[in-house]
*Asks:* 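Okay, here's the structure, questions in a sec.
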There are 2 protein chains.
Amino acid sequence: MTTSKKTSSPEQTPLEEAYPTTVEGLVLEERLGYALRRAQLKVFKHFDEAMREHDIRPAQFSSLVVIEGYPGVTQSNLAQTLSIDPPRVVSLINSLEERGLALRVRCKRDRRSHGIFLTKTGEALVERLKGLAEQSDLEATQSLSEIERRQLLTLLRKVYASEESDD
Amino acid sequence: MTTSKKTSSPEQTPLEEAYPTTVEGLVLEERLGYALRRAQLKVFKHFDEAMREHDIRPAQFSSLVVIEGYPGVTQSNLAQTLSIDPPRVVSLINSLEERGLALRVRCKRDRRSHGIFLTKTGEALVERLKGLAEQSDLEATQSLSEIERRQLLTLLRKVYASEESDD
DNA sequence: AGATATAGTTATAATAGGTAACTATTTTTT
DNA sequence: AAAAAATAGTTACCTATTATAACTATATCT
């Protein structure tokens, strides 16, 4: 406030309400990270609504789908697969186990690790959720044609799948 | 743990290390939200690295760019533009002001609001940052051709720009 | 047997994000 | 012109996410 370093003409006060509610034309519109964040915000909002009824968070959904696809997957596998940290997996699986959707089974071969399995309830739920998630995606991307939607998915995969060294 | 409800064959312990570190072939790969999150994770990681030297967070960068583009923008304008909440803007501008990058000027016309301006330092920094951000985007999306990158950006904009009612 | 590595866990901290309530102003209504 | 309502910004608070470090129990290596 006491800084005297000024640029434009600070004493000349902000004009009307003439300021934009979009960043149209701004360099920001060219930034991939910004576009990704905004798009993700929108898609996740739809997802949240779709899952509210079942009180399922994005990470829980992802976990359920992976466990369904690979019954007996270990927690460290899950961490790698979803690229989240082991401590995060613990609370994730805790929440699923508490709700009777999944369960840990101590591995006989290596008694340090747990295989994660879906319960019958979990299996039934994940089937339902997959349908809801697909519907939610469609709603969130109504502005895209079917071809564009596929294109977008392909491009996104291409971005995150390239494991240079990170991730 | 005491749940007796089982699905696959939990007693049969998890197989080797035969589990995947990708979700290849899984329904998850078809989910837009998942793809967006993973891509964003990657792009943001590069961005963080690029900005580390200047200790600038994504939201700070976005704010700086918007202020540069619309000198005298008010905090509520900024909140709308970036679709973040007013309280978030407060701490954002605080951090920029403390570092001498931006400053608030009480508006004469409407003394409730502040116009936000960049200082000379802020202007110089944002110029530098824009270059770094562009470079970071390119690095994060090495796997894309220039055309694909443009395509991706266009598609993402199309997703988040369609204001049906949300956002 | 002893050293080292791994799977999972706990505790903890940093941060993002959002809600509610408050102050100072301005605008609207009567 | 006074009272009521709306607005800009702020503060306090609360929750969820994410990362880090340290601990345990098992397993592997030499």
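We name chains A, B, ... by the order of the sequence lines, and we start the count at 1 in each one.
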*Asks:* Roughly, in whole Å, what's the span from CG in Leu78(B) to P in dT7(D)?
*Replies:* 19 Å
*Asks:* Might you point out which heavy atoms bring Ile84(B) and Arg37(A) nearest each other, and give the distance in Å?
*Replies:* CG2-NH2, 3.4 Å
*Asks:* Would you tell me whether Thr74(B) and Asn77(B) have side-chain atoms, one donor and one acceptor, within less than 3.5 Å of each other?
*Replies:* yes
*Asks:* Can you tell me how far P of dT19(C) sits from CD1 of Ile84(B), to the nearest Å?
*Replies:* 14 Å
*Asks:* Using a strict threshold of under 4.0 Å (side-chain N to carboxylate O), is an ion pair present between Asp137(A) and Arg149(A)?
*Replies:* no
*Asks:* Counting just side-chain N and O atoms, does Ser76(A) come under 4.0 Å of either OP1 or OP2 of dT6(C)?
*Replies:* no
*Asks:* Could you pull out all residues at least two apart from Lys158(B) that satisfy salt bridge (charged side-chain N to carboxylate O under 4.0 Å, His left out)?
*Replies:* Glu148(A)
*Asks:* Need to verify one output field. Residue with the more 5' nearest nucleotide on DNA chain C, Val90(A) or Pro58(B)?
*Replies:* Val90(A)
*Asks:* Could you tell me the separation between the NE2 atom of His114(A) and the P atom of dT6(C), rounded to a whole number of Å?
*Replies:* 18 Å
*Asks:* Could you state the NZ-C1' distance from Lys45(A) to dA16(C), rounded to the nearest angstrom?
*Replies:* 16 Å
*Asks:* I want to verify a distance call: between dG9(D), dG8(C), dG17(C), whose nearest atom is closest to the Arg88(B) side chain?
*Replies:* dG17(C)
*Asks:* In this structure, how many angstroms lie between the C1' atom of dT18(D) and the CG atom of Leu41(B), rounded?
*Replies:* 10 Å
*Asks:* Tell me whether the side-chain N/O atoms of Arg57(B) come closer than 4.0 Å to OP1 or OP2 in dG17(C).
*Replies:* no
*Asks:* Side chain of Pro87(B) only, heavy atoms from C-beta on: which candidate in dT9(C), dA12(D), dA7(C) is closest?
*Replies:* dA12(D)
*Asks:* What N/O pairs connect the protein and nucleotides 23-26 of chain D at under 3.5 Å? Give each pair on its own line.
*Replies:*
none

*Asks:* For the aromatic rings, using the six-membered ring if either is Trp, is the centroid distance between Phe61(B) and Phe47(B) under 6.0 Å?
*Replies:* yes
*Asks:* Choose from dA19(D), dG9(D), dG18(C) the nucleotide whose nearest atom is closest to any side-chain atom of Asp85(A).
*Replies:* dA19(D)
*Asks:* Who are the side chain to side chain contact (heavy atoms under 4.5 Å, CB included) partners of Glu30(A), not counting sequence neighbours?
*Replies:* Arg150(B), Leu153(B), Arg157(B)
*Asks:* Return the value, rounded to whole Å, for the distance between atom CG of Asn94(A) and atom C1' of dT10(C).
*Replies:* 11 Å
*Asks:* Between dA14(C) atom P and Asp55(B) atom CG, what is the distance in whole Å?
*Replies:* 15 Å
*Asks:* Under a plain distance cut-off of 3.5 Å, with no hydrogens placed, do Ser95(A) and Gln60(A) share a side-chain donor-acceptor pair?
*Replies:* yes
*Asks:* Would you mind reading off the distance between Leu82(B) atom CG and dA16(C) atom P, rounded to a whole angstrom?
*Replies:* 14 Å
